[in-house]
Structure formats: C-alpha cells, structure tokens
Amino acid sequence: MSKESHILGLGLDAKDGHKRLTQAERFSVVGGSDQTHDCMTETLIKTFETLDRKGKELDKIERKELIEIMHDSRPQ
C-alpha cells in the first residue's frame with residue numbers, strides 16, 4: 001500500500017486564541033492568524049491546481065520547481 005505525499009502548512013502567528021485547521025486530501029494547514037491561515041490555504045489550493053494542470057505529482061517534482069510554483073501561487 002502506497003502513501004500519497006502531503007504538505008503541512010504551520011502558522012505560528014495566531015494571538016487571538018482561535019485554533020484553525022484546514023484539511024484536504026493532499027494538504028493540511030494548522031494554526032496561524034486568520035489572514036495567515038487563509039493565505040496558506042489559498043496558496044496550497046493554487047499550488048495543487050498548477051501541479052494537476054502540469055501533470056506533475058508532489059512526490060516526483062523537484063524541490064526547486066515546487067518552491068517556484070508555491071511562490072507563484074501566493075495571493076497578491
């Protein structure tokens with residue numbers, strides 16, 4: 001049985017006492033302020049949309065290319 005790769009986003013700037021958790025099939029986002037959590041979630045959604053469009057899999061993509069895709073996927 002093979003396990004699919006997964007990205008974990010961890011936000012460390014929450015000071016409002018809220019516990020935030022977003023789980024998806026290929027990523028999880030834990031913690032962070034409302035703004036940080038939303039930004040990380042949107043970035044990862046767009047990252048996986050790009051990977052899917054390019055026909056690439058997370059466990060087979062070069063680290064440098066993944067970093068570039070994630071950077072380009074950040075909300076403005």
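Start at 1 with the first residue, then count along the sequence.
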Mind listing the side-chain donor-acceptor pairs of residues 21-29 below 3.5 Å, one per line with the distance, residues two or more places apart or on another chain?
from: Thr22; atom 1: OG1; to: His37; atom 2: NE2; distance (Å): 2.6
from: Arg26; atom 1: NH1; to: Asp52; atom 2: OD1; distance (Å): 3.0
from: Arg26; atom 1: NH2; to: Asp52; atom 2: OD1; distance (Å): 3.3
from: Arg26; atom 1: NH2; to: Asp52; atom 2: OD2; distance (Å): 2.9
from: Ser28; atom 1: OG; to: His6; atom 2: NE2; distance (Å): 2.8

Minimum side-chain heavy-atom gap Leu51-Ile61 below 4.5 Å: yes
Can you measure from OG1 (Thr50) to CD (Glu68) and round to the nearest 0.5 angstrom? 12.0 Å
Between CD1 on residue Ile7 and CG on residue Leu58, distance to nearest 0.5 Å: 4.5 Å
So, for Ser73 and Ile69, which heavy atoms are closest and what is the spacing to 0.1 Å? OG-O, 2.7 Å
Report yes if some heavy atom in the side chain of Arg20 is under 4.5 Å from a heavy atom in the side chain of Met40; otherwise report no. no
Output for pair (Met70 CE, Phe48 CZ), nearest 0.5 Å, gives 8.0 Å
d(Leu44 CG, Leu8 CG) to nearest 0.5 Å is 9.5 Å
Here the gap from Leu12 atom CG to Thr36 atom OG1, rounded to the nearest 0.5 Å, amounts to 9.5 Å
Of all the heavy-atom pairs spanning Asp13 and Ser33, show the shortest one and how long it is. OD1-N, 2.8 Å
